[in-house]
2 protein chains.
Amino acid sequence: MPVNSFENYPMTWRPSKTQLKSPLYMSIANLLEYDIVNGYLAPNTKLPPQRELADYLDINLSTITRAFKICELKGLIYAQTGKGTFVSPNFGLEISIVDSTIENQNYIDMGLIKPFDDFNLVTAEAIKKLSDKGCLENLLNYSYPIGSPYHKMTAMKWLKNFNLSVKADNVAITSGSQNSVTLTLISLFGAGDKIAVDMYTYPNFIELANMLNIKLIPIKGDAFGMNPEDLDVQCKLNSIQGIYLTPSCNNPSAILMNMQRKEEIARIIKKNKLILIEDDIFSFIAPRHYLPISYFVPEQSIYICSVSKSLCSGIRVAFLYFADKFSANIIRGIHTTTIKTPALNVEVVAELINTGLAEKIVSDKLIIAKERNEIYKKYFKINNENENPLSFYRWLPLDQKYDANEFEKLALKHGIRIYHSNRFLVANLEEKQFLRVSLSSCLDSNELEKGLKILKDILYDTTYYKNNNSLII
Amino acid sequence: MPVNSFENYPMTWRPSKTQLKSPLYMSIANLLEYDIVNGYLAPNTKLPPQRELADYLDINLSTITRAFKICELKGLIYAQTGKGTFVSPNFGLEISIVDSTIENQNYIDMGLIKPFDDFNLVTAEAIKKLSDKGCLENLLNYSYPIGSPYHKMTAMKWLKNFNLSVKADNVAITSGSQNSVTLTLISLFGAGDKIAVDMYTYPNFIELANMLNIKLIPIKGDAFGMNPEDLDVQCKLNSIQGIYLTPSCNNPSAILMNMQRKEEIARIIKKNKLILIEDDIFSFIAPRHYLPISYFVPEQSIYICSVSKSLCSGIRVAFLYFADKFSANIIRGIHTTTIKTPALNVEVVAELINTGLAEKIVSDKLIIAKERNEIYKKYFKINNENENPLSFYRWLPLDQKYDANEFEKLALKHGIRIYHSNRFLVANLEEKQFLRVSLSSCLDSNELEKGLKILKDILYDTTYYKNNNSLII
DNA sequence: TCATTTGTTGCTCAACATTTC
DNA sequence: AGAAATGTTGAGCAACAAATG
């Protein structure tokens, strides 16, 4: 029998005792998952303390712990010793950001980060030129699963632009950055492992970690990006195995990490023997002389440089640097996730890079990025001077607390798609709210201007939400 | 103190007590992994009973169980209640079968299954035609991550050839069959889950499962393929969640599962609520009227049809059918592993399929496959009448017991690459040994004939191995 | 500063199931 | 058929660690 009577005791979550089956821990985990997924438990709800639940259900404390652990690794809840256990902030939202609504788009897209798709014409041209050259049949077999000598050479050349000089033995061709991250996590991590990330993190990475039951440890940040002291502290507390960083232009905060901070972070990485996963998809909008973090910890790093944002998104090619000691595992991971990246696609990218077209695309994109940012600054000021001035999106602080879901819906109703910061939260330790405003997915500058105007009205013209009680919280 | 003295007691594995650190279970798992990976414990070695080890180390039985579980999920060992725990049979061999030795190839390849790469000329032609048509830029963006309407339609058309009629809502385009299996396992299974497989299974699947810590349960087979009774028995014992099958031409056993066996297996799948992963990469060499197993259990199936063997290996495209209830998870898995399959590549495949070139490639390949099999039959007879007569490889029973590693080395020394059945073993419950003899990777029929001659000599001319003491075991 | 609240972790225990003889 | 050997599983216990006030 329970020690206390819980009949009139308030509990935010009260699993039905009659529904409990053996095994108990599994049964509890399933009930909790059901209630979160179906919205009976709102994001950020504090769950009862484990001891209280154990007492209420008249079972051992560690049985609750085990049940909670299952849900935590799925990303449904997060727990903090001394504080309690909470429902994850982003579960109500469809976390992954994917373009499934291409048809009948009747809004201005400031949600997705499309990388100025007009430039795909240049890539299309390159394909045509290639196919006129002939010899395509040699690109259509199983040979060179991690990249032909020519393709690796091209990768090395491209990486050198971003100040990473590597040997051919440490380079592989992969199918874009998402595939790179997937194979890295599968190859070098296991379920239950922990990876440090920014408080606000790229949702596709969060979702991948959730699917693989890898626990993300959010690290506090400041104006310069991830805070090295907090990283060090969390490493001591948590036995963290890896760290995921996007230093050239953090997604979503747009912070460009300066060299001093990069070195500090590298020092902590070294000290704690972390595996660094450096996703440098925005390397091309960083200052030319900036060095990647991997430069400082080459022997414990995976560096990923996708061409999706810089050159062409749909071609699905990335270059991956791996430290010597990861070689066997990474090669096995490539083999296991994709067998190989189609050499046809790599050849297209190589054509762009080796003819100089790639440099041209990049410099032209930078000009447009600058223009779009000028437009943005006509409506909002840039919040943090450390943000990348050429970022394809901006990180707009909100003055009031909104219900994330309601806000996005309201914006869509008024013709703009935009993402609230909750989508990027690993755990809700941050009080501040933001919007990520994409500048690169609109058809043109006029549309962007129209969208920004609507956004400003929604934020500052009170008539927009006065009839919406649940919007502001 | 231990209850018994172990000083003079024989134990196949004796972890050093002084090296044990806390946590004990982790420490023990690491020691065991080290000794297996470094060859101190040979494949198939029987480990001491868990109770004995616990007694020896003076710790609790379940601590050993936990340590063993970690290694078992990595595929290093396998355990059987009542019998004992054994080192996995295939760990000494480089399990994944990958073409990394393309340079300086000075042997006849009867190892890999290359799908008659000369036909890549047809695909190359199709690419040229496509690029002349123009409009490629629309294939180079983030749109339609699971496949455009046209590409899905093409997928449905192709699947219909193999008697699977599906709705557009249940089809996705993926990046080849390995990618399909990866995303399926990530989306629908978790670490510790169990999947039933044939006793001899495609090594890439074994390796993937090992990396994801999914446990494979080998099911006994007979001349017709997987045995339904044993499947049912194992399901009852093991709480198995899924099953992986390649019924049109099992890899490596070449068995073509007949319709009766398919229906029996389907019945067991239904009864035990398994998720069926049907990898039908060889559907095009099955009889025209054969139905896939998924036809009988459409509501709990994932059906994968890659074009790598039928049309072109390096283009990396597969079509995937998923049951309604898996829809959200599978779409999320596609997004999480690759974002999307490059539409350029899908367009190439669609061009082949919709112009009729695909049918032509397939029928031409069947003719060559038949020829190659005729040649094979000049040297060896086909062992099992249920094997697919058009298989790209044959499954040759060995009369003697060889050391797998030594045999492959000897063959290579004499100019042929060939794979021993141990590479395909999940657990060594089978006494019989085989060779998988690829017929499709040689340059031409002459080379194949040369290779088969060498193989026959190695097997029956004793001078080939009389000086090799460790070859026969 | 210290006690209280709350989550974490590794190990032990006991009941159970299968295989073998 | 039944006993012994062997692996499996869920739950409980206790020491520990962080956050809070």
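First the proteins, then the strands, lettered A, B, ... as listed; each starts at 1. Treat the numbers as computed from the prediction; the structure is a model and nothing was measured. Atom set for the values below is all heavy atoms of this structure, side chains included, hydrogens, waters and symmetry mates excluded.
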So which protein N/O to nucleotides 19-21 of chain C N/O distances come out below 3.5 Å?
from	atom 1	to	atom 2	distance (Å)
C:dT19	O4'	B:T81	O	3.4

Each nucleotide N or O in nucleotides 9-12 of chain C that has a protein N or O under 3.5 Å away: list the pair and distance.
from	atom 1	to	atom 2	distance (Å)
C:dT9	OP2	A:K69	NZ	3.4
C:dG10	OP2	B:Y25	OH	3.3
C:dC11	OP1	B:L24	N	2.6
C:dC11	OP2	B:L24	N	3.3
C:dC11	OP2	B:Y25	N	3.4
C:dC11	N4	B:R66	NH2	2.9
C:dT12	OP2	B:N60	N	2.8
C:dT12	OP2	B:T63	OG1	3.3
C:dT12	O4	B:S62	OG	3.4

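Here A:A196 pairs with A:I219, A:L231, A:I240, A:I243 under the side-chain contact (heavy atoms from CB on, under 4.5 Å) rule; sequence neighbours left out. By the salt bridge (Lys or Arg N to Asp or Glu O under 4.0 Å) test, A:K271 is found to be paired with A:D232, residues two or more places apart in sequence or in another chain being considered. For B:Y202, there are no ring pair (Phe, Tyr, Trp, His ring centres under 6.0 Å) partners, not counting sequence neighbours. Residues passing the ring pair (Phe, Tyr, Trp, His ring centres under 6.0 Å) test with A:F68: none are found, sequence neighbours excluded. For B:R66, the salt bridge (Lys or Arg N to Asp or Glu O under 4.0 Å) test picks out no residue, with sequence neighbours left out. The salt bridge (Lys or Arg N to Asp or Glu O under 4.0 Å) test applied to A:K194 returns no partner, not counting sequence neighbours. Shown here are the ring pair (Phe, Tyr, Trp, His ring centres under 6.0 Å) partners of B:F434, two or more places apart in sequence or in another chain: B:Y200, B:W395. Every residue meeting the side-chain contact (heavy atoms from CB on, under 4.5 Å) condition with A:L31, not counting sequence neighbours, appears here in chain and number order: A:W13, A:P15, A:Q19, A:L20. With sequence neighbours excluded, no residue forms a salt bridge (Lys or Arg N to Asp or Glu O under 4.0 Å) with B:K69.
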| B:S421 vs B:Q433, side chain to side chain donor-acceptor pair (under 3.5 Å): CA-CA, chis, key distance, verdict | CA-CA 6 Å; B:S421 52; B:Q433 292 195 341; 5.8 Å; no
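With a heavy-atom cut-off of 4.0 Å to chain A, the contacted part of DNA chain D has its first and last nucleotide at D:dG10 to D:dT20.
For the pair A:I77 CD1 and C:dT6 P, the interatomic distance rounds to 16 Å; values are reported in whole Å. If you take CZ of A:F68 and C1' of C:dT8, they are 14 Å apart, rounded to a whole angstrom. Look at CG on A:L53: it is 11 Å from P on C:dT6, rounded to the nearest Å.
The cationic atom of B:K215 (NZ for Lys, CZ for Arg) does not lie both less than 6.0 Å from the six-membered ring centre of B:Y78 and within 45° of the ring axis.
Contact between the side-chain N/O atoms of A:T85 and the OP1/OP2 oxygens of C:dT6 is not found at any separation under 4.0 Å. Proximity of A:Q50 to the phosphate of C:dT5: no side-chain N or O atom is located under 4.0 Å from OP1 or OP2.
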